[in-house]
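The figures that follow rest on heavy atoms only: side chains count, while hydrogens, waters and symmetry mates do not.
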Amino acid sequence: MSLIRRKQSRDDTFLQVNSVVKMEGVSYVYKGPPPLQALYDINMEIIRGEYVAILGPSGSGKSTFLNLVGLLDRSTSGKIYIDNIDAETLNERTRSSLRARKIGFVFQSFHLLSYKSALENVMLAQLYITNSRKQRSANALEALEKVGLTKRAYALPSELSGGERQRVAIARAIVNKPSLILCDEPTGNLDSTTAAKVLDILDELSLSGLTLVVITHSKQVADRAKRSLLFSDGMLVR
Amino acid sequence: MSSARSNRKNYLPENSRLSVIDLVFESVAAILQRPLRSIMTMVGTFLGIGTFVVLIGMSQTVSAQISKQFNILDATQVNVTEVAPSTNKGIYGFTVDSDKDIDKLNGVLSCGIWWQVQETAPVTALPGVDGSSAIYNLYAIDGSLLKASGAVISQGTGFNQFDISTHQHVIILSSAVATNLGINDLVNAPAVFIGGLPFTVIGILSSDQRLPALEVSMMIPTTTAMDTFGLPSSQYPPQMLIHTKLGAADLIARQTPVALSPTHPGYFTAISALSSNSLKNQVVGNLNTLFYILAAIAIIIGAVGIANTTLVAILERTSEIGLRRALGARKYHIASHFLLESILMGLLAGLMGSSCGILIVILVGLAKNWTVVIDPYVTLIAPFAGALIGMLAGLYPSIKASSIEPAEALRR
């Protein structure tokens, strides 16, 4: 009996090697009051290297989905696998570690620390992974180079344009070489020309083999993705 | 099974970590990036620790000053009390020649005998003099006591040999009693009535260095006191006060019982005031207690200030907390980060507060020409007390910061 249970556990842990995100019957209820069900029985899978756009009107559950995939919140029921690891069974400490090493975030409002330079903001993503400041600096410079911001490495966020800020945020997201990058309206605060440049960078990242999940309202963004998932009233409808 | 477990162990990433050096760097950077906010946060602790150091420093300086004043008086004073009951040799335990016996001792400047008259009755001023009726302590003193006790007679005179030998109904009032009785001067030879008996006021005493009780009392000659109110009671036995040369008090205290009664020196106890510093210790102790209470209040106010400002600062930095959590920081990392910020600000504020406090104590000491006394431990401990305040004040805000859910923090 116990052998069977152990085998199941092992099978649950090691799923398909190509799956980066997998959800099985995931639901989420905001406790409230009053309680509000934001997601209903979500089943989906994102394969390594995919570029997926998450679409849907406001309140459809997109952000809740992102929070769950990004391990920023726990589902009410169901299972979520990140890089084939059952994230719902992990304790907070391991989830933090998984988040740091496997997931990169790009937010609409950039979320750069105003008192740190572009380089230091990128280094921040490695603060909780490596103790070597020298190593962090080298990795951060490499990431900034990928987004074309080497020359602006020592500028403060207040000295950067909106597009440059978002590129710093992208550099921060990729510096740990994560399995998955989650972007929440990455071009929401940018004009169309700057947005196009940022999307070009995301395209390049996708072509390099990174898995991208982008939440967006923009058709321009969705068109660049290889696959779109549409949320409506907390349900995955496509 | 063990294979599955070890595979799983290998497969999971290493735990997030944050070195102490990185923690310090992050905290210092956060403090420096909001200088005004940091200064405002530190003000509470700065004032608390500064006030603490000033109060402790002033307490110690003033205590030393009081001790100095006390010591001069103490070193020149001997108090003699009677142990055995009155003998038949004299009118009371001390003989009529006691003061002369003591005066012969080398080092004695003056001496006098006194006691509190047990039975006192309401005192009124002479009809016609505007005043009130009240009860005051009445002392019997001999002619030389006021000189020995360092009394200052502002008006009139003390008792002379005629007053003593003829048992005159004369009285000396302290200035406080005279004022209460409406007696402002002695031009019209005012009198007071004690239990209906008239006493002519011949002097007004304004202060007394060694017997401060006389400053709120009335004094009559010892001979008159015994005539009118009887012998001294056992409750208030007669005492002798000896004023000595500086440094002679201990020696005189040892010699006095023998000088008073060579056959029965044990009948008297003579104590130099220097050896009984209870009053001084009490005064200094009370003063210190007062200062310590004030210092504690100042520190509590500082701690509440820093806690409040830290809490507000954390609410303002919710999005940063969310970001750090998203980047892999554990709750423990967030709590340590904010706690260390609070500790560092407390330490810095404590350092500045204690420095300013010491400076203030020195300036006051210079202005008052006092010898500045500050316990070196206070100056060493004060900055760390600031850090401790920072830690205690930052504890709740740090725990609160670490409990913010990352998804919720990023939404703000």
Practice task
Please indicate whether Y30(A) has more than 12 foreign heavy atoms, meaning atoms of other residues, nucleotides or ligands, lying under 6.0 Å from its OH.
Solution key: yes
Problem - Choice from E26(B), H333(B), E405(B) maximising heavy atom contacts with chain A below 4.5 Å - result: E26(B)
Fill in the blank from the handout: Heavy atoms of A329(B) and Y128(A) approach each other most closely as CB-CZ, 3.4 Å
Practice task
Could you tell me which non-hydrogen atom of D22(B) sits nearest to which non-hydrogen atom of T130(A), and how far apart they are?
Solution key: OD2-O, 4.4 Å
Handout entry: Residues, nucleotides or ligands: over 12 heavy atoms within 6.0 Å of M352(B) CE
Key = yes
Practice task
Would you check if the side chain of R330(B) reaches a backbone N or O of S96(A) as a donor-acceptor pair within less than 3.5 Å?
Solution key: no
Problem - L366(B) CG: over 12 foreign heavy atoms closer than 6.0 Å - result: yes
Fill in the blank from the handout: Scanning both residues in full, the closest heavy-atom pair of A29(B) with Y115(A) reads O-CD1, 3.9 Å
Fill in the blank from the handout: Counting heavy-atom pairs under 4.5 angstrom with chain B, the leader among D73(A), T64(A), I129(A) is I129(A)
Exercise for the section: Could you look at R172(A) and say if it's the side chain, the backbone, both or neither that has a heavy atom under 4.5 Å from chain B? Expected result: side chain
Exercise for the section: Output the distance between atom CG (L323(B)) and atom CG (N121(A)), rounded to the nearest 0.5 Å. Expected result: 8.0 Å
Handout entry: Neighbour count above 12 (heavy atom, 6.0 Å) for D233(A) CG
Key = no
Exercise for the section: Give a yes or no on whether a salt bridge exists between E320(B) and K116(A), defined as a side-chain N under 4.0 angstrom from a carboxylate O. Expected result: no
Exercise for the section: Verify the neighbour count for atom NZ of K331(B): are there more than 12 heavy atoms of other residues, nucleotides or ligands below 6.0 Å? Expected result: yes
Handout entry: Minimum heavy-atom distance G328(B)-A100(A), with the two atoms named
Key = CA-CB, 3.6 Å
Practice task
Could you look at R74(A) and say if it's the side chain, the backbone, both or neither that has a heavy atom under 4.5 Å from chain B?
Solution key: neither
Practice task
Flag the one option from A30(B), A326(B), G322(B) with the top tally of heavy-atom pairs under 4.5 Å to chain A.
Solution key: A326(B)
Completion exercise
Value for CD (E408(B)) from CG (L72(A)), rounded to nearest 0.5 Å, stands at 12.0 Å
Practice task
Find out whether L127(A) and L327(B) are in side-chain contact, i.e. whether some heavy atom of one side chain is under 4.5 Å from a heavy atom of the other.
Solution key: no
Problem - Heavy-atom proximity to chain B below 4.5 Å, by part of F110(A) - result: neither
Practice task
For salt bridge (Lys or Arg N to Asp or Glu O under 4.0 Å), just list the numbers for R325(B) and E92(A), CA-CA rounded to whole Å, side-chain angles, deciding distance to a tenth of an Å, and then say yes or no.
Solution key: CA-CA 11 Å; R325(B) 292 297 308 278; E92(A) 198 53 49; 3.2 Å; yes
